[in-house]
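We count ligands from 1, going down the list as the structure has it; atoms in each ligand are counted the same way.
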Amino acid sequence: METAIEVKGLRKSYKDAEVLKGVDFNVRRGEIFALLGSNGAGKTTIVRILTTLLKQGGGTAVVNGFDVASNPENVRHAISLTGQFAAVDEILTGRENLILIAKLRHLKHPRQVADDMLKRFGLTDAADRKASTYSGGMRRRLDIALSLVGNPRIIFLDEPTTGLDPEARIEVWKTVKELADGGTTIFLTTQYLEEAEQLADRIAILHEGRIITNGTLEELKKLFPPAKVEYVEKQPSLEEIFLAIIGNKEGK
Ligand SMILES: Nc1ncnc2c1ncn2[C@@H]1O[C@H](COP(=O)(O)OP(=O)(O)O)[C@@H](O)[C@H]1O
Ligand SMILES: [Mg+2]
C-alpha cells in the first residue's frame with residue numbers, strides 16, 4: 001500500500017501549551033482521510049505543519065515521499081491547501097480568479113485551464129460573474145477549484161464546510177467525492193462526525209494532543225459491538241463511538 005502521508009510522534013507547543021503530544025497516523029494514496037476533532041483540538045496546527053507553513057516541535061512528517069522539515073520545497077510542489085476561510089478574490093469573476101492562479105503557477109494555457117476547471121466544478125454559467133455574487137457553496141467550489149490548478153497529488157481541506165448551510169455542505173461533499181474518484185489523495189479536517197462518516201475512507205480522532213483512534217468507519221464500529229434489540233441490529237453511529245471513546249478516556 002503506497003503511503004501519501006506518514007506522521008510519527010508529531011509534537012507542537014505554543015509557549016507553554018502543548019497542543020500535539022505525539023501524533024501518529026498514515027494516509028494512503030488515493031483515499032479520503034478525515035482528521036476529526038473538536039474546536040481547538042489541533043487540527044489546523046497539523047495541517048499547517050504538513051503543508052510546511054509551521055515547524056513542528058518534534059517528530060517527523062513525510063508528505064509525498066518528502067520530509068516536511070528538510071525538504072519543504074518538494075512537498076509544496078505536490079500539495080495544495082484550502083483553508084477554513086476562502087482564498088477567492090471577490091472582485092474578480094470566477095474565470096479571472098482561475099486564470100490568475102494558473103498564471104501565478106506558470107501554467108502554459110491559463111485560459112484553457114480555467115475553462116476546464118469551470119466545467120469540472122459546474123461553474124461555467126457563473127464564470128463571468130463576480131465571485132461576490134456566488135452562493136456559499138459556489139464560492140467554496142471555486143476555492144477548491146483554485147487549489148486544484150496545477151494538479152496537486154494531495155489536497156488539504158481544512159474544515160471545508162464549516163460555516164456553510166446544509167445545502168452548500170452537500171455540494172462540497174459531492175465535489176470532494178468526485179476528486180477522490182479522480183485519484184487525488186484528500187486530507188480533510190472536520191468537527192462534524194457526520195461529515196467524516198459521509199466522506200472518509202478512514203478516520204482519525206484527535207483528542208487532547210493524540211490520535212485516540214484510527215480506522216475505517218467499519219473498524220471503528222467494530223470497537224463497539226451493536227446492541228441487539230430482539231431481531232434488529234442497531235449499528236452505533238460515529239457520534240456514539242466518539243462519545244464512548246471520549247467518555248472512556250476522561251472517565252479514568
Ligand atoms: N499561533 C498560536 N499561538 C498560540 N496558541 C495557538 C496558536 N495557534 C493555535 N493555538 C492554540 O492551539 C490549539 C489548537 O489550535 P488549532 O490547531 O487551531 O485547533 P483546531 O484547528 O482543531 O480548532 C488551540 O488551543 C489554539 O488556541
Ligand atoms: Mg482549525
Polar contact flag, side-chain donor to acceptor under 3.5 angstrom, Thr93-Asp128: no
For the NZ atom on Lys174, are there more than 12 heavy atoms of other groups (residues, nucleotides or ligands in this structure) within a distance under 6.0 Å? no
Are any of the N or O atoms of Gly40 closer than 3.5 Å to those of ligand 1? yes
Do Thr161 and Glu195 get their side chains close enough for a donor-acceptor pair, meaning under 3.5 Å? yes
Charged N to carboxylate O under 4.0 angstrom, Lys21 versus Glu208? no
Please list, in number order, the atoms of ligand 1 under 4.0 Å from a heavy atom of Lys43. 17 (O), 19 (O), 20 (P), 21 (O), 22 (O), 23 (O)
Which of the numbered atoms in ligand 1 are under 4.0 angstrom from any heavy atom belonging to Asn39? 23 (O)
Which bit of Ser38 is near ligand 1, meaning a heavy atom under 4.0 Å away: side chain, backbone, both or neither? backbone
With atoms numbered from 1 as shown, which atoms in ligand 1 lie under 4.0 angstrom from a non-hydrogen atom of Val19? 12 (O), 13 (C), 14 (C)
Under 4.0 Å, heavy-atom basis, I'd like to know which part of Thr44 is in contact with ligand 1: side chain, backbone, both or neither. both
Do any of the N/O/S atoms of Thr44, backbone or side chain, fall under 2.8 Å from the Mg ion (ligand 2)? yes
Taking atom CG as the centre, does Asp181 end up with more than 12 heavy-atom neighbours from other residues, nucleotides or ligands that are less than 6.0 angstrom away? yes
Min heavy-atom dist Gly37 to ligand 1 below 4.0 Å: no
Before you tell me yes or no, could you show the steps for Asp158 and Thr44 under side chain to side chain donor-acceptor pair (under 3.5 Å), namely the whole-Å CA-CA distance, both residues' side-chain angles and the distance that decides it to 0.1 Å? CA-CA 7 Å; Asp158 193 10; Thr44 297; 2.7 Å; yes
Closest candidate by heavy atom, reference atom 15 (O) of ligand 1, pool Leu35, Leu206, Thr45: Thr45
Donor-acceptor pair between Thr185 and Arg29 side chains, under 3.5 angstrom: no
